Amino acid sequence: MTRIGLLYPTRDCGEDDFAELCRRLDPGLALDFAYVEWGAGITRVDDLDAEEQEAAVRELGAPEGLTKAADEFATAPDVVSWACSSCSFTRGLDGALEQAGTLASHLGVPASSTSLAYLTALDRLEITRVALASVYHPDLTAAFSRFLAEAGVTTVHAVSADAASDRALAAWDTRQITDLVAAADHGEAQAVLVPETALHTTPLLAELEERLRKPVLTATAVTLWDVLDRTGMAPERAGLGTLFAPAGQLPTGGSSAS
């Protein structure tokens, strides 16, 4: 049994979406969460303005806070990821690598993050041009675009929903998610990225790709694909999007040659 440890920023948001995807991939997977504490004085992220929110998520990604939280896993994981998009890209590529490296050294297991998972997935799929279905303020969306650019990935189009908080996003319904992804799509984009681990996207993975006819890479899917890939056991499952698709079942537009 592979034990997956996910560090997560806010309780009772998207954990059930991760659990659902794990069940669909392999009922035998063990999933455990540990929670990273927000900075002193932060009680409601909704109350912060855009600049304060960016500072807060940057602070939340401090390596020392991640290792402290990692000590709270109920059982030692076989692989760990910092399952938060914004808190893993606001420090840039070097900062994301530092987060993962610090966790790997501390726990003695492979470590990654949602943002690094995006880079690994895009490289594996040979995708270099993307559109962003971002839930963030435009400034934070731009920070993710810069992060991708550091790895040679070009953002050809982006939309920013400017949602209040991850807890608000956890309540988004199917229509809100689908409308955001559709608005983000662009003819030059080889894939659409949905960088937010509070959204409940697992039931929509196949539907979104069928609609757009290209990969739609959600934060939940790339995070779990990446940790499993790092253990050498990323499973193939139909109906769960490009990353988990059996060979020969990629959507039209799913390669860089399209």
Side-chain angles (χ1 to χ4, degrees), residues 14 50-51 53-55 57-58 61 81-100 112-163 166 169 172 176-199 201 204-205 208-209 211-223 225-226 241-243 250-258:
E51 185 175 347
Q53 284 189 13
E54 185 166 354
V57 298
R58 182 180 175 85
S81 186
W82 175 207
C84 180
S85 303
S86 58
C87 299
S88 56
F89 67 66
T90 47
R91 291 171 173 255
L93 180 55
D94 286 344
L97 292 171
E98 180 186 9
Q99 290 171 340
S112 187
S113 69
T114 299
S115 295
L116 292 178
Y118 269 115
L119 299 186
T120 302
L122 292 171
D123 180 66
R124 189 71 54 84
L125 296 172
E126 299 182 342
I127 289 173
T128 59
R129 302 186 308 279
V130 301
L132 305 183
S134 169
V135 301
Y136 309 125
H137 183 276
D139 290 347
L140 203 53
T141 302
F144 187 46
S145 181
R146 290 193 296 271
F147 173 85
L148 295 171
E150 288 189 76
V153 177
T154 300
T155 300
V156 299
H157 181 59
V159 295
S160 299
D162 197 12
D166 47 3
L169 288 163
W172 271 30
Q176 289 171 290
I177 297 171
T178 301
D179 287 351
L180 179 69
V181 172
D185 192 22
H186 188 280
E188 295 183 8
Q190 297 166 278
V192 176
L193 313 189
V194 191
E196 173 56 53
T197 58
L199 292 173
T201 57
L204 301 175
L205 291 175
L208 291 171
E209 294 200 347
R211 177 171 178 173
L212 270 60
R213 305 300 295 166
K214 66 180 62 173
V216 177
L217 305 181
T218 72
T220 300
V222 298
T223 301
W225 173 84
D226 180 55
T242 295
L243 287 175
L250 295 180
T252 300
S255 72
S256 60
S258 62

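Every value quoted in this text rests on a predicted model; they were computed, and no experiment measured them. We count residues from 1, following the sequence as given.
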Pairwise side-chain contact, Leu193 with Thr218, heavy-atom cut-off 4.5 Å (strictly under): no
Partner set under ring-ring contact (aromatic ring centres under 6.0 Å, His included) for Phe144, not counting sequence neighbours: Phe89, Tyr118
Atom pair CG (Leu212) and CG (Asp185), whose distance is rounded to the nearest 0.5 Å: 4.0 Å
Residue pair Thr114, Thr223: steps toward the side chain to side chain donor-acceptor pair (under 3.5 Å) verdict: CA-CA 5 Å; Thr114 299; Thr223 301; 2.8 Å; yes
Check: Gly92 main-chain N/O paired with Glu150 side-chain donor or acceptor under 3.5 Å: no
Pair Thr220-Leu199, side chain to side chain contact (heavy atoms under 4.5 Å, CB included): steps then yes or no: CA-CA 8 Å; Thr220 300; Leu199 292 173; over 6 Å; no
Heavy-atom pair of closest approach, residues Arg211 and Thr178: NH1-CG2, 2.8 Å
Main-chain N/O of Arg129 paired with Gln190 side-chain donor or acceptor, under 3.5 Å: yes
Exercise: identify the closest heavy-atom pair between Val181 and Val192: CG1-CG1, 4.1 Å
OG1 on Thr242 to NZ on Lys214, rounded to 0.5 Å: 11.5 Å
Spatial distance of atom CG (Leu148) from atom CD1 (Ile127) [nearest 0.5 Å]: 11.5 Å
Audit row: Leu243, Val222, side chain to side chain contact (heavy atoms under 4.5 Å, CB included) steps and yes/no: CA-CA 8 Å; Leu243 287 175; Val222 298; 3.6 Å; yes
Validation row: Ser160, His137 side chains within 4.5 angstrom (heavy atoms): no
Leu122 CG to Leu217 CG distance, which is reported to the nearest 0.5 Å: 6.0 Å
Interatomic spacing from CG in Leu125 to OG1 in Thr120 - rounded to 0.5 Å: 11.0 Å
Distance-minimising heavy-atom pair for Ala131 and Ala189: N-CB, 3.6 Å
Closest heavy-atom pair and its distance - Glu196, Asp166: OE2-CB, 4.0 Å
Derivation of the side chain to side chain contact (heavy atoms under 4.5 Å, CB included) call for Leu132 and Val159: CA-CA 6 Å; Leu132 305 183; Val159 295; over 6 Å; no
Side-chain donor/acceptor of Ser145 to backbone N/O of Thr141, under 3.5 Å: no
Heavy-atom pair with the smallest gap, counting every atom of Ser134 and Pro195: CA-CD, 4.4 Å
4.5 Å side-chain heavy-atom contact, Leu93 and Leu119: yes
Pairs satisfying side chain to side chain donor-acceptor pair (under 3.5 Å), at least one member in residues 81-97, at least two apart: Ser88-Ser115
Side chain Thr201, main chain Leu204, donor-acceptor under 3.5 Å: no
Minimum heavy-atom distance between Leu116 and Ala96, given as atom pair plus value: CD1-O, 3.6 Å
